[in-house]
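Here's the structure we're looking at; comments come further down.
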Amino acid sequence: MELVVFVLASLMALVGAVGVVVRRNPVHAAMSLVLTLFGIAVIFVQQGAHFLAAVQVIVYAGAIVVLFLFVIMLLGVDQAEDLSIEPLTVQRPLAAVIGVAMVGLLTGAILTSDNAVMKSGAGLSSPTLDSPDANLKEIAGSIFGDHVFAFEVTSILLLVAVVGTVILARRLPKEEEAK
Amino acid sequence: MSLLAVVEPTTSWFLVLSAVLFAIGTVGVLVRRNPLVMFMCIELMLNAVNLSLVTFGRARADVNGQSTVFFVLVVAAAEVVVGLGIIVSIMRRRTAASADDLSVLKG
Amino acid sequence: MSIVAASFTGPNIAFTDLLPLLVWLGSTCLLLLVGSLVPKWPKGWYAGVAVTSSVAVVILEMVKWHNLGKEGSTTAVADAISVDRFAVFATIVVAVAVALVSTVTHDYLQREGNDGPELYAMFLTAAMGAQIMVSANDLVVLFLGLETLSLSLYVLAASNRRREQSQEAGIKYFVLGGFASAFFLYGIALIYGATGHTNLTSIATKLSSQISITRNDSLLLVGIGLLLVGLAFKVSAVPFHSWAPDVYEGAPSPVSAFMASAGKVAAFCALLRVLTTALERRVDDWRPVVWALALLTVFVGSIMAVVQTNVKRMLAFSSITHAGFILVGVEAAAHPGGDGLASSMTYLLLYTVLVIGSFTVIFIVAGSGDGATSLDDFKGLAKRRPLLALAFTVLLLAQAGVPFTGGFIAKFGVIKSAVEVHSYAIAIAAMVAAVIGAFLYLRIMVSMWLDDPSSGETITVPRGSGAVVAAAVLFTLFVGIFPGWLLDATRLVATYRELTSSN
Amino acid sequence: MHETASFPILSALILLPVLGSLVVAALSNRRPEYVKLAASLFSVGIGGMSIWLLASFHSHEGGFQFVSQHEWIKAWGISWHVGVDGISLFLVVLTGILFPLVILGVDPHHDEKRYLAWLLLLEAGVMGSFLSLDLFLFFIFFEIVLVPMYFLIGGWGYDKRVYAATKFFLYTMFGSAFMLVGIIATAMIARHDIGYFTFDLVTIAERASFAASTGRWLFLSFAIAFAVKVPLFPLHTWLPDAHTQAPTGGSVILAGVLLKLGTYGFLRFGLYLFPAAAVWAKPLFLTLATIGIIYGAIAATMQTDLKRLVAYSSVAHLGFIVLGTFAITSQALSGSVMQMVNHGVSTGALFLMVGMIYERRHTREIAELKGIQAVAPIFAAAFMVVMLSSIGVPGLNGFVGEFLVLIGSFETARWWTVVAATGVILAALYLLWAYQRVFHGEPDEANSSFPELKLREGALLLVFIAIIGFTGLYPKPVLSRIEPSVDKLIEHVQDHSGYKAPVHELAKEGE
Amino acid sequence: MLDLVWLIPALPLAGFLLIFLFGRRLGEPLAGVLATLMTATAFVVTVGAWLDLLSRTAEERHHVVTLFSWLPVGGLHVDLAFLADPLSITMALFVTGIGSLIHLYAIGYMHGDPKFSKFFLYLNLFVFSMLMLVLGENLLVTFLGWEGVGACSYFLISFWHTRDSAATAGKKAFVTNRVGDWGMMTAMFMAFASVGTLSYTGINEAAHAGHLAHVTATGIALMLFVGACGKSAQLPLYIWLPDAMEGPTPVSALIHAATMVTSGVFLLTRMAPVLHAAYPWAGTVIASVGAATALFAATIAVAQTDIKKVLAYSTVSQLGFMFLAIGSGAYVAAIFHMVTHAFFKALLFLGSGSVIHGMHHEQDMRRMGALRKVMPITGFTFIIGWLAIAGVPPFAGFWSKDEILLYAFANNRALYAVGIVTALLTAYYMTRQVIMVFYGEARWHDHAEDHGAHGDAHTPHESPWMMTLPLVVLAGLSVVGGALQLPFSHSTKFLEHWLAPVVEESERSITGTWAESNKWVLLALAVVIAGVGIAASVAVYAKGKTKPVEPQILADGWRYDSTIAALVGGPGRAAFRGIAAFDAKVVDGAVNGVGVEVRNASGLLRKLQNGLIRSYAAIIGVAVVLVLAWFLVRGVL
């Protein structure tokens with residue numbers, strides 16, 4: 001059963017990922033991204049990370065990708081990008097080599113490593129009937145416990161994001177607009 | 001059916017999957033010319049990392065992996081906002097700018 | 001573990017240790033809130049806030065430096081950040097950078113005619129990110145700090161809406177930065193997987209608890225590799241340097257100064273801390289990589305600078321070379337014996353002052369529109385603005401490592417630390433590269449002193465910027481002649497590890 | 001031995017020029033005469049101090065005198081340690097005398113203020129290099145000298161000045177790159193014997209002992225820097241360009257004192273610091289020196305530019321100095337030191353006069369000069385005297401050094417010396433040939449209006465010629481100050497290596 | 001009196017300085033007079049010294065006067081000191097004596113020259129240097145004088161420096177001499193290395209005591225001889241002397257006949273003990289070179305047409321005789337011949353000078369003839385000089401030459417044969433010269449014609465008394481000079497006794513040899529030879545029996561000079577050029593090449609910096625792969 005879920009989910013993710021890379025139209029690319037996100041969300045669930053699965057769907061699919069689509073529409077850059085031609089001749093073969101090499105190296109690392117983590121099996125308490133929010137509590141404990149400082153820092157990060165967009169997207173004075 | 005019953009996806013399966021996703025993301029950054037799409041590919045890479053984190057967390061029976069993913073999500077969000085901001089501001093000047101057009105600075 | 005909401009008790013948060021952050025955060029909010037409420041502040045107040053806050057931070061950190069002498073290093077907020085002289089010193093450097101750059105930024109905004117609080121706010125957030133990076137004791141925190149810094153820098157780089165180059169710089173920096181931080185993050189993930197920790201001290205203990213490191217742990221190693229990539233990108237080490245020239249050239253001059261100074265400091269401190277505390281046990285694995293990076297960086301940086309014709313870009317390449325020199329120090333820091341750490345810190349401080357001074361000169365010469373930075377624009381500067389030319393000459397000579405300047409002390413320090421750990425090869429290589437690098441400074445000096453002015457228009461030297469340049473020059477010369485105090489300080493900085501082990 | 005002077009005259013010798021250059025730089029450009037005055041006063045004052053130093057120097061005493069030592073950079077074991085002995089004494093005096101002469105005698109054509117400021121700064125650097133007894137201190141002075149020289153060549157030189165200046169700067173910097181590493185390594189390795197980390201020359205030389213191979217590597221790292229500075233074949237090609245393109249004053253200083261930094265370095269930081277290694281490297285450097293002598297002379301013969309010819313003659317002359325240095329006998333070493341001074345004087349004077357010729361004719365091409373002796377006999381006479389001293393005619397200073405070097409070297413480096421001695425033939429060849437082409441013959445109309453020596457120029461040259469004549473006829477006072485230090489150095493070498501200097505009782509021939 | 005020996009060089013030096021300071025104001029003739037007086041006074045002092053020396057016993061005839069310590073370094077102690085002993089005083093005597101005569105002569109000869117005073121400036125400087133050379137107590141002081149005379153000869157040869165030939169000749173002389181100097185320096189190095197001193201006394205004593213190994217002694221001797229070859233114009237270095245005739249004639253007389261060129265002979269005599277200690281073959285070498293030079297030069301002299309060139313080659317030839325003597329161990333004979341030669345050769349040169357003066361600077365003998373009528377004194381004295389050099393008894397040359405031949409015979413018959421032939425040739429070409437200049441019909445009228453208008457202004461005339469007086473004096477000396485050393489009995493060998501303290505031990509004794517017992521036969525033979533030579537010449541040039549044999553090859557001096565010039569100018573210069581080019585192209589080329597390479601590398605790397613985000617990303621990607629590969633390898637292996 002696990003296997004089936006994994007295979008299907010990873011298929012979703014991979015197909016989506018490939019889609020992002022190969023779909024000519026940005027909008028389609030964004031849609032493929034959504035597919036991947038869902039696939040990963042499924043795997044999260046399979047791994048007992050229900051909260052993250054939810055956040056994944058909400059934040060990513062719900063917010064980020066939508067944001068992408070907004071921008072695409074706003075700028076009207078939804079016309080297809082011509083992927084048939086590649087000005088940098090070396091780029092694609094090189095990219096292929098790099099991609100394959102990385103897969104190889106990372107897989108190699110994962111498979112050759114005799115680190116304890118590779119052997120240890122299932123672990124975290126997944127939600128049960130008596131405590132449906134176990135996973136949530138654990139995350140909460142971690143975030144507000146060990147990682148409380150990191151949590152604080154995220155506030156600064158968001159502040160940066162806000163101010164940054166203000167600086168970047170603010171309309172320029174009139175005479176500038178003329179240009 | 002028996003196969004399905006027997007074979008359990010182990011940690012390494014997930015890890016390899018995330019590695020593959022990561023690599024695809026990398027390739028995407030290299031081959032796509034539309035900044036937006038390049039950016040999506042970066043998101044893809046981040047997700048691949050998330051997958052690894054969760055997997056490790058599970059394998060280690062340690063929740064910190066998941067909480068880290070949470071932070072990554074925040075970072076991703078922030079990045080998107082700023083990134084799109086920059087892209088917007090530059091595309092305001094000249095629409096449909098592909099990444100290759102941005103090469104005034106070189107040499 | 002199962003937690004019942006009532007029974008949860010968070011870690012106690014030692015706000016005193018977070019004071020610098022709080023000061024900067026406070027003044028950021030002040031700038032933004034009041035700045036948005038009150039339509040227009042009197043001239044120079046925005047900058048004033050930034051400068052004062054930074055000065056305050058410097059003072060606070062000095063006090064902390066003093067106390068640490070008594071108490072010794074600790075970690076705070078659930079081991080998320082470490083409180084030690086290493087962090088304090090780095091913070092001071094960053095704060096100084098902010099103060100100086102804000103001063104210049106004021107003149108910049110005046111000249112470009114659009115004053116406002118946002119840029120200062122960005123500088124402050126960037127400073128916070130840097131501060132977090134240098135004190136982070138947890139990879140996640142480090143990552144967040146890095147992102148805070150980076151995002152701020154992306155925005156700052158792109159902030160000049162009138163110059164297309166500025167925007168281009170922004171997006172280049174952003175895309176490549178995101179790309180690199182993905183690797184960095186993956187590294188964190190793998191290390192987490194291999195050790196089960198993101199906390200540096202825990203990782204260190206975990207690793208040292210291992211009986212033998214010959215045990216095959218490719219997960220960890222690959223993780224280290226990816227981590228290195230992420231940080232190498234930030235310090236613009238070859239071959240992860242490609243972004244630096246373009247971004248430095250495109251970004252507004254004060255921002256370039258800030259990136260080259262505070263940005264490098266933060267990244268290098270993070271690199272040093274991670275390598276020397278968490279991964280000390282794996283030194284034999286990462287040292288060769290740092291060695292190679294250092295070698296590549298010193299040479300590629302200096303060689304590529306040879307044919308450049310834009311002074312701003314030249315300095316970008318020279319900053320790459322300098323990164324290479326600091327990497328030499330980092331390589332030396334791999335040895336328990338050497339004082340590579342101390343020399344790297346010395347170099348960082350001196351280089352910060354140098355590079356800010358230099359970019360300020362460029363900013364002054366660049367004139368309205370921040371565009372006139374080609375070598376021709378510097379022709380005959382000695383005839384148009386003798387003092388400015390003299391100051392720039394001192395700064396350039398210092399960068400070339402001529403004696404009686406801070407630059408020489410810095411170079412001598414890293415070379416010394418390298419030689420002391422018997423890394424003769426890289427020491428000599430670095431010196432030879434320095435000779436190649438010197439050519440670039442000579443070229444600039446030639447056009448300043450020996451050529452005739454190409455354009456007659458007068459160069460106006462804003463008061464603030466002038467003061468910054470003067471300060472940089474004087475400091476450089478002062479340290480060049482009396483470096484003792486600085487060396488003692490950085491020597492103390494280097495001892496932070498022994499102190500940590502006590503707690 | 002170390003008696004500390006009541007008044008730190010040596011530190012003053014180093015710091016006064018700095019002060020002077022600051023004052024000059026501070027003065028307003030609108031009153032050039034004040035600028036000139038200030039510069040002259042400072043340089044003359046420094047010259048006077050150097051003379052005073054010479055007067056109050058205890059001859060027949062080998063050790064360092066007027067020593068003053070203050071801690072400077074504690075963290076790195078660096079101290080401000082200066083002292084003078086017979087080897088450095090006359091170089092200091094030469095520096096002290098040459099600079100005022102150049103400042104008073106040669107005018108730059110523009111930006112006099114800047115020119116003078118750089119010149120004084122240069123003097124400080126040179127003084128520092130000759131006086132410092134601390135590796136670090138020596139290095140920084142050795143290195144800082146490049147900057148003013150670079151600007152002097154680049155700012156006031158001739159058509160290809162930028163190329164020459166850059167070449168000079170980078171080439172020399174390249175050499176010292178190795179020395180920097182060598183210095184640190186020396187201090188670090190010496191720490192094992194000394195017990196603490198120090199850059200102090202005397203301490204290291206007296207107390208540290210290096211393993212054979214280590215010593216050799218360290219010595220070579222120093223030697224490269226000095227070989228470039230000297231310059232020794234085949235690292236000499238920066239010199240003709242720098243000399244030719246530099247302004248007259250620059251050339252005089254460059255030939256007079258700057259090149260001596262290299263030869264002095266060989267003595268002080270080669271023989272003294274690494275005796276065993278120096279002895280080991282003897283054959284190499286003797287050979288290079290000999291090649292330099294012959295090669296430089298031949299190259300000089302074929303030059304068409306008078307200044308370039310003199311430059312190449314420097315290569316030959318400095319070959320003699322290096323030959324003597326590595327022959328390591330009392331006569332040879334004394335001769336080398338002597339020759340350092342002599343070359344400074346005579347070649348300096350030659351450059352001055354080439355400069356005067358250029359002032360008058362705006363060319364240095366030998367082919368365009370002819371029959372000057374007919375129209376300017378006094379100028380020709382002066383040139384002749386200096387030239388004869390440069391050729392090494394007895395009774396003039398050039399001979400003393402050259403002869404001592406050769407006669408001393410003959411005992412320890414027989415065949416090299418025999419070959420090197422042929423250099424005196426070539427010297428006569430290229431100089432006399434040049435003299436004939438420039439001064440003899442019927443002056444063509446371009447040269448027939450060649451102005452005779454002016455009073456100021458004459459006075460300037462008179463100083464040089466006086467020194468030439470005096471040291472040539474009565475070198476005893478000079479030698480008696482040089483020799484004790486030289487003997488001390490040789491003893492030091494003997495104590496720290498297998499080398500034995502020849503001693504003189506009637507030699508029973510062993511061949 | 002001997003303590004005042006330093007006065008001897010000091011006086012001419014004073015003269016030099018005075019003329020240097022006030023020369024222009026003194027002008028003509030005062031400058032000349034001053035110079036002459038200085039030299040003359042020096043001569044007087046020398047005579048005083050000589051008398052003082054005479055008054056002592058042979059053992060005490062050795063006095064050193066030290067002025068100050070010149071080069072004291074370690075084992076080396078060189079004083080500026082003078083040595084007064086028979087040899088040096090003899091030299092000093094004729095240097096100052098002949099010197100003052102020639103000064104006097106020059107006053108007349110240089111009359112009207114714009115650089116009159118400068119000429120005497122140099123002349124005094126020369127006398128000073130020459131006296132330093134002969135009076136020096138050690139090799140270095142001698143070397144000081146040695147180089148000094150070299151320099152002066154350079155100045156004086158190129159005295160009329162606007163003439164390119166003169167300038168070139170001067171340079172040639174100096175450089176060629178330098179080759180010799182190299183030898184002398186090397187000799188000094190050897191002496192110092194083996195004996196530890198440069199003083200004659202020290203070295204000679206060491207040589208006597210046998211402290212000097214044969215090898216070293218031979219080395220020193222030969223190196224000194226190399227030096228002598230340079231100064232005294234022996235093969236292969238003689239080439240500069242004929243050219244040196246470019247200088248004013250008094251210079252030729254003083255420097256290139258009487259004094260400087262003989263300093264090589266002096267030096268070897270000075271170091272006689274060292275030669276003595278050397279292997280015998282060293283002497284043979286010297287003697288052979290001497291003999292060869294003598295013959296070689298004589299053959300050339302036969303065909304010269306320039307009145308001074310003839311004398312120049314004859315000088316070379318006579319110097320060869322002296323070296324033949326030295327090599328044969330006949331030091332006394334060498335000095336003897338040196339002195340007599342100084343007399344008659346100076347006489348001849350001055351005579352020729354007088355002729356040239358009278359002929360208004362015409363030097364070609366083919367345009368002279370029958371001059372003895374118009375310039376009787378010159379002619380008469382010249383003829384005496386001729387008889388002396390031709391070896392006609394009882395004139396001075398006869399005795400000295402015979403003495404040499406005697407020793408040569410005892411030493412090596414082959415060399416004797418060469419000597420005899422040379423003697424024959426000498427007689428021949430000198431007779432030829434006399435006839436061409438003073439006899440036959442006057443060929444100078446037509447010459448006057450082609451000078452056109454003021455023809456009679458050009459008729460030769462006798463020279464003023466300042467010029468003729470020296471001629472007369474020297475003529476007298478040439479007549480009686482032989483009396484210094486007469487072979488009749490042991491007691492008549494004054495010079496031998498006089499020089500005994502210096503050369504006695506080293507002198508080769510020929511007592512008991514065939515030659516010694518039959519010296520009268522040899523004497524007779526010499527006379528015959530001289531007679532034959534003269535007769536032959538008369539037959540050819542006076543009687544016109546056969547047309548003269550003057551093959552071009554001889555006129556060109558066996559093309560030796562031109563060949564060397566060709567070699568130096570051709571391959572030599574080419575080689576130098578090559579090295580200069582090598583320096584510019586290869587040595588410096590390498591340096592600049594590095595710069596160029598760096599630049600190229602920069603340009604190459606620049607291509608990677610193409611400004612495209614994706615390329616940068618690609619670079620990063622590649623780098624990442626490499627880094628990961630490294631770490632994976634570390635992990636797996």
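Naming convention: chains lettered A, B, ... in sequence-line order (proteins, then strands); numbering from 1 in each chain. The structure presented is a predicted model; accordingly, all values stated were derived computationally and were not measured. Values reported hereafter were calculated over all heavy atoms of this structure, with side chains retained and with hydrogens, waters and symmetry mates removed.
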Residue selection (most heavy-atom pairs with chain E, distance under 4.5 Å) from C/Leu226, C/Val306, C/Val307, C/Val289 =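 Most heavy-atom pairs within the cutoff with chain E belong to C/Val307.
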Could you measure the distance from the [atom1] atom of [X] to the [atom2] atom of [Y]? Nearest 0.5 Å is fine.
X: E/Leu628; Y: C/Ile224; atom1: CG; atom2: CD1; value: 12.0 Å
X: C/Met304; Y: E/Leu604; atom1: CE; atom2: CG; value: 10.0 Å
X: C/Asp285; Y: E/Arg634; atom1: CG; atom2: CZ; value: 4.5 Å
X: E/Ile620; Y: C/Leu176; atom1: CD1; atom2: CG; value: 5.0 Å

key: For E/Phe631 against C/Trp286, the heavy-atom pair lying closest together   =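 Scanning both residues completely, I find the closest heavy atoms to be CZ-CA, 4.0 Å.
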Minimum heavy-atom distance between C/Ile303 and E/Val598, given as atom pair plus value =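 Shortest heavy-atom separation between C/Ile303 and E/Val598 comes out as CG2-O, 3.9 Å.
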request  = Give the C-alpha distance, both sets of side-chain angles, the deciding distance and a yes or no for side-chain contact (heavy atoms from CB on, under 4.5 Å) between E/Tyr616 and C/Asp246.
outcome  = CA-CA 11 Å; E/Tyr616 297 173; C/Asp246 296 3; 2.5 Å; yes
Which atoms of C/Val229 approach chain E - backbone, side chain, both or neither, heavy atom under 4.5 Å =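 Only the side chain of C/Val229 comes within 4.5 Å of chain E.
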query = For C/Ile436, is it the side chain, the backbone, both or neither that has a heavy atom under 4.5 Å from a heavy atom of chain E?
reply =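 The side chain, not the backbone.
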ask   = Got a sec: does the CZ of E/Phe68 have more than 12 other heavy atoms crowding it under 6.0 Å?
value =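 Yes.
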ask   = Who wins among E/Ile613, E/Ile619, E/Val627, E/Val633 for the most heavy-atom pairs under 4.5 Å with chain C?
value =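 Top count of heavy-atom pairs under 4.5 Å with chain C: E/Ile613.
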Report yes if some heavy atom in the side chain of [X] is under 4.5 Å from a heavy atom in the side chain of [Y]; otherwise report no.
X: C/Gln308; Y: E/Gln609; value: no
X: E/Val624; Y: C/Phe240; value: yes
X: E/Arg599; Y: C/Phe439; value: yes

